[in-house]
Amino acid sequence: MKYPQTYSEEIEKKIVNIKKYGCCAFTTLWALGKDTLSNDEAIQLLIKGLDIGALDKDCTVNWKSFSKLITNENYDVEMIDLLNQTKDELKNYQGRIIVRFDNGNNYHWVGYENGKLVFNSLNYSYCVEYGRPTKIRILKKI
């Protein structure tokens, strides 16, 4: 074993970034049907995603490579920017979708299914409570 303390520091840096920026990646796991993973398994997948570049250092999702890592299948992503839509209008989207809520300079990604909020990687999100939906990502197997 070489440099275990250095390795530990690198893992810790990744965990800090996952804690701070991981909402989209965790919601992507949910959208891809990995909602039965334990918290530890989910975090380990995100660390692997960081290691292979499927997530950047701030956990921004590289949709194709992260989806391939998680499912071993190819996915495309439909990216929808919303203009002045409300939470109620999300009912127009069926299936599992990844939704970004913005509130000022802050944002948070969550999972909606058939118009209802069903997945949040946080216990509480100020952005979801007081913000508005601004972006949708829909993953499609190709």
Side-chain angles (χ1 to χ4, degrees), residues 3-142:
Y3 313 114
Q5 282 183 281
T6 301
Y7 178 71
S8 178
E9 284 177 13
E10 289 303 312
I11 293 295
E12 186 175 305
K13 286 178 192 172
K14 291 174 187 174
I15 295 293
V16 168
N17 282 352
I18 289 170
K19 177 181 173 187
K20 190 171 182 181
Y21 304 112
C23 59
C24 188
F26 284 124
T27 305
T28 303
L29 290 177
W30 166 82
L32 292 169
K34 300 301 181 182
D35 41 354
T36 60
L37 294 174
S38 71
N39 289 341
D40 187 55
E41 290 170 322
I43 289 168
Q44 290 304 315
L45 273 175
L46 268 60
I47 288 172
K48 186 172 183 181
L50 288 164
D51 287 343
I52 68 165
L55 301 172
D56 77 5
K57 66 180 173 62
D58 292 337
C59 290
T60 301
V61 175
N62 177 327
W63 298 101
K64 290 183 181 188
S65 61
F66 190 62
S67 299
K68 180 79 171 180
L69 168 68
I70 302 310
T71 66
N72 205 27
E73 297 181 284
N74 294 315
Y75 278 80
D76 203 0
V77 62
E78 181 180 356
M79 297 183 180
I80 301 169
D81 289 331
L82 304 175
L83 299 173
N84 300 316
Q85 286 189 295
T86 65
K87 294 175 191 176
D88 290 336
E89 293 172 279
L90 293 172
K91 68 179 179 234
N92 297 325
Y93 297 91
Q94 296 302 302
R96 290 186 174 195
I97 61 171
I98 302 165
V99 181
R100 180 174 136 168
F101 279 82
D102 287 38
N103 189 30
N105 291 328
N106 300 306
Y107 65 87
H108 181 61
W109 294 90
V110 294
Y112 265 71
E113 188 168 21
N114 301 325
K116 294 183 180 171
L117 175 64
V118 296
F119 178 81
N120 189 343
S121 61
L122 297 173
N123 286 328
Y124 174 78
S125 169
Y126 190 84
C127 292
V128 174
E129 185 75 24
Y130 297 104
R132 66 177 188 84
T134 59
K135 298 180 185 297
I136 292 175
R137 302 296 184 252
I138 303 171
L139 296 170
K140 298 176 181 179
K141 195 183 314 185
I142 51 175

Worksheet item: Out of Asp56, Leu55, Ile15, Ile11, which one pairs with Leu50 under the side chain to side chain contact (heavy atoms under 4.5 Å, CB included) rule?
Response: Leu55
Worksheet item: Does some side-chain heavy atom of Tyr93 sit less than 4.5 Å from a side-chain heavy atom of Ile80?
Response: yes
Worksheet item: Is there a donor-acceptor contact under 3.5 Å from the side chain of Lys87 to the main chain of Glu129?
Response: yes
Item to complete: Could you tell me the separation between the CZ atom of Arg132 and the CZ atom of Phe101, rounded to the nearest 0.5 Å?
Response: 10.5 Å
Item to complete: Considering non-hydrogen atoms only, spot the tightest contact between Cys59 and Ala25 and give its length.
Response: O-CB, 4.4 Å
Worksheet item: Can you check whether Met79 reaches Arg137 side chain to side chain, under 4.5 Å on heavy atoms?
Response: yes
Worksheet item: Nearest 0.5 Å, what's the CG-CG distance between Leu45 and Leu69?
Response: 6.0 Å
Practice prompt. Mind listing the closest non-hydrogen atom pair of Val118 and Tyr112 along with its distance?
Written response: CG2-C, 4.3 Å
Fill in: Note, Leu46 side chain near Phe66 side chain (heavy atom, < 4.5 Å)
yes
Item to complete: Supply the atom-to-atom distance Asp76 CG to Ile138 CD1, rounded to the nearest 0.5 angstrom.
Response: 11.5 Å
Practice prompt. Test Asn106 against Tyr126 for side chain to side chain contact (heavy atoms under 4.5 Å, CB included), laying out the working first.
Written response: CA-CA 9 Å; Asn106 300 306; Tyr126 190 84; 6.0 Å; no
Discussion item. Any heavy-atom pair between the side chains of Phe26 and Asn39 that's under 4.5 Å?
Written reply: no
Fill in: Minimum heavy-atom distance between Ser65 and Ala54, given as atom pair plus value
OG-CA, 3.3 Å
Worksheet entry | Phe119/Arg96 under side chain to side chain contact (heavy atoms under 4.5 Å, CB included): CA gap, chis, key distance, verdict | CA-CA 10 Å; Phe119 178 81; Arg96 290 186 174 195; over 6 Å; no
Practice prompt. Walk me through it: do Cys24 and Thr60 pass the test side chain to side chain contact (heavy atoms under 4.5 Å, CB included)?
Written response: CA-CA 7 Å; Cys24 188; Thr60 301; over 6 Å; no
Worksheet item: Do Leu90 and Val99 have side-chain heavy atoms sitting under 4.5 Å apart?
Response: yes
Fill in: Side chains of Leu32 and Tyr75 in contact at under 4.5 Å (non-hydrogen atoms)
yes
Worksheet item: Hey, is the main chain of Tyr107 close enough, under 3.5 Å, to the side chain of Arg100 for a donor-acceptor pair?
Response: no
Worksheet item: If you round to the nearest 0.5 Å, how far is OG1 of Thr27 from CG of Asn120?
Response: 7.0 Å
Practice prompt. Test Val128 against Leu117 for side chain to side chain contact (heavy atoms under 4.5 Å, CB included), laying out the working first.
Written response: CA-CA 10 Å; Val128 174; Leu117 175 64; 4.0 Å; yes
Response to the item:
Of all heavy-atom pairs linking Leu139 and Ala31, the shortest is CD1-CB, 4.2 Å
Worksheet item: Nearest 0.5 Å, what's the OG-CG distance between Ser67 and Asn72?
Response: 12.0 Å
Worksheet, complete the sentence: Across all chains, not counting sequence neighbours, the side-chain contact (heavy atoms from CB on, under 4.5 Å) partners of Ser38 are Asp40, Glu41
Item to complete: For residues Asn74 and Lys64, determine if any side-chain heavy atom of one lies less than 4.5 Å from a side-chain heavy atom of the other.
Response: no
Item to complete: Would you check if the side chain of Asn114 reaches a backbone N or O of Gln94 as a donor-acceptor pair within less than 3.5 Å?
Response: no
Fill in: Approximate separation, where rounding is to 0.5 Å, of Trp109 CH2 and Ile136 CD1
9.5 Å
